[in-house]
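Heads up: the structure comes next, in structure tokens.
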Amino acid sequence: MATTALAPLLAAAGAAGRAAVLDGGLGQLLADESPGLAAPDGLWAAGVAVRSPAAVRAAHRRFLDAGADIITTATYQASAEGYIAAGLAPDERGAEALLAAALAIAVDARADFAAAGAGRRPLVAASLGSIGATLGNCSEYTGRYGHGVAAADIRAFHLRRFRMLARCLEQPRLRGQIDLVAVETIPSLAEAAAVVSALDELHRSGARLPPAWVSLTAAAEDRVPTGEPVEDVVRVAAGSPHVCAVGVNCVPLGIAAGLLARVRRATALPVVCCPNGQAWAGSAGGWRDEAARTPPGAFAAAEWVAGGAAVVGGCCRAGPEHIGALARAVRGAG
Ligand SMILES: *[C@@H]1O[C@H](CO)[C@@H](O)[C@H](O)[C@H]1NC(C)=O
């Protein structure tokens, strides 16, 4: 692993000398266990965080108890645009308050966990999805945002949200509490470039964020959804001093190892691997088809770690059982 800002953070969390365990799919866990909570505002866990923070806190705690070294906040679908469109915030200031509150839920869940005598301090990563994740039409899985969304719009979206996050992290209750930023489900070269450019611009302006990782999505092991080679997107994503790792998330389990190999070849940065806990079978069965769910033991921690993953976790339908299996494997307990 190259020396980056990630290594000392993982060491501080008690994960020195082994792969770190990330959590699984928070939104899907909430939707599976409390179907009424994920109301149709398109914000998934970010909406639940507003309406039912206790449910989100309990879900974070389940991943911590399962052995996660890093939990991700219920903010994947959060944006000023999204909160305002859902009628949850009147304006940018209101959206900022909701974002801060959602971040604080994970911080509080970690504090609960530590108070219960865990003897370790897991990391909290602020999750931010691609712009497609906030458009609510699954375009994050095609990367084709249409003519209405130009490259400059994608960059402006990320910069606005990074700024909002940086302002949140200046609040006393959040200062020093968020360890990482996880930019997830990036489907294209253009969006990877926009993210990196927005991050660099943010830091040039004097604002500060914790180190970020950039995670790509893919449906094939050599290409992102737009058809561009994975290696090209990784090189762009890794091209900022503010990026501490590159990864893949929301990918089918069967291509995870092949993707990892390609990511490794394209960067010396640490690699994050978070496949789905179920194959997406179209909207008919949706995610509800228990028979199609991947058994936790099939989450191949050893194979991913051998393939160079520094952080292993899960995405949609990867629940606490999957994370528990990863945690036992990386800690050498079967
Ligand atoms: C998703 O929404 C964006 C913005 O409204 C639009 O440009 C794009 O074409 C849509 N994509 C799909 C797949 O519907």
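Keep in mind that the numbers below use all heavy atoms, side chains included, and drop hydrogens, waters and symmetry copies. When a ligand or atom number is given, it counts from 1 through the structure's own listing order.
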>> Connecting only ILVMFWY residues whose side-chain heavy atoms lie within less than 4.5 Å of each other, what is the rest of Val149's hydrophobic cluster?
In response: Ile131, Leu135, Tyr145, Ile154, Phe157

> If you measure only the distance, is there a donor-acceptor pair under 3.5 Å linking the side chains of Ser127 and Glu184?
Replying inline: yes

>> As a quick check of understanding, evaluate side-chain hydrogen bond (donor to acceptor under 3.5 Å, both in side chains) for Ser197 and Arg155, giving each step before the final call.
In response: CA-CA 7 Å; Ser197 164; Arg155 183 180 184 278; 2.5 Å; yes

Could you go through ligand 1 and list every pair where one of its N or O atoms sits under 3.5 Å from a protein N or O, giving the atom names and the distance to one decimal?
residue, atom, partner, partner atom, Å
ligand 1, 2 (O), Asn137, ND2, 2.4
ligand 1, 7 (O), Tyr145, O, 2.4
ligand 1, 11 (N), Asn137, ND2, 3.0
ligand 1, 14 (O), Asn137, ND2, 3.2

> Which residue pairs pass the side-chain hydrogen bond (donor to acceptor under 3.5 Å, both in side chains) test with at least one member in residues 252-262, sequence neighbours excluded?
Replying inline: none

Donor-acceptor contacts under 3.5 Å from residues 246-261 side chains, at least two apart:
residue, atom, partner, partner atom, Å
Asn249, OD1, Thr185, N, 2.8
Asn249, OD1, Ser215, OG, 2.8
Asn249, ND2, Thr185, OG1, 2.9

>> Could you check whether any side-chain N or O of Arg208 sits under 3.5 Å from a backbone N or O of His203, counting only pairs where one atom can act as donor and the other as acceptor?
In response: yes

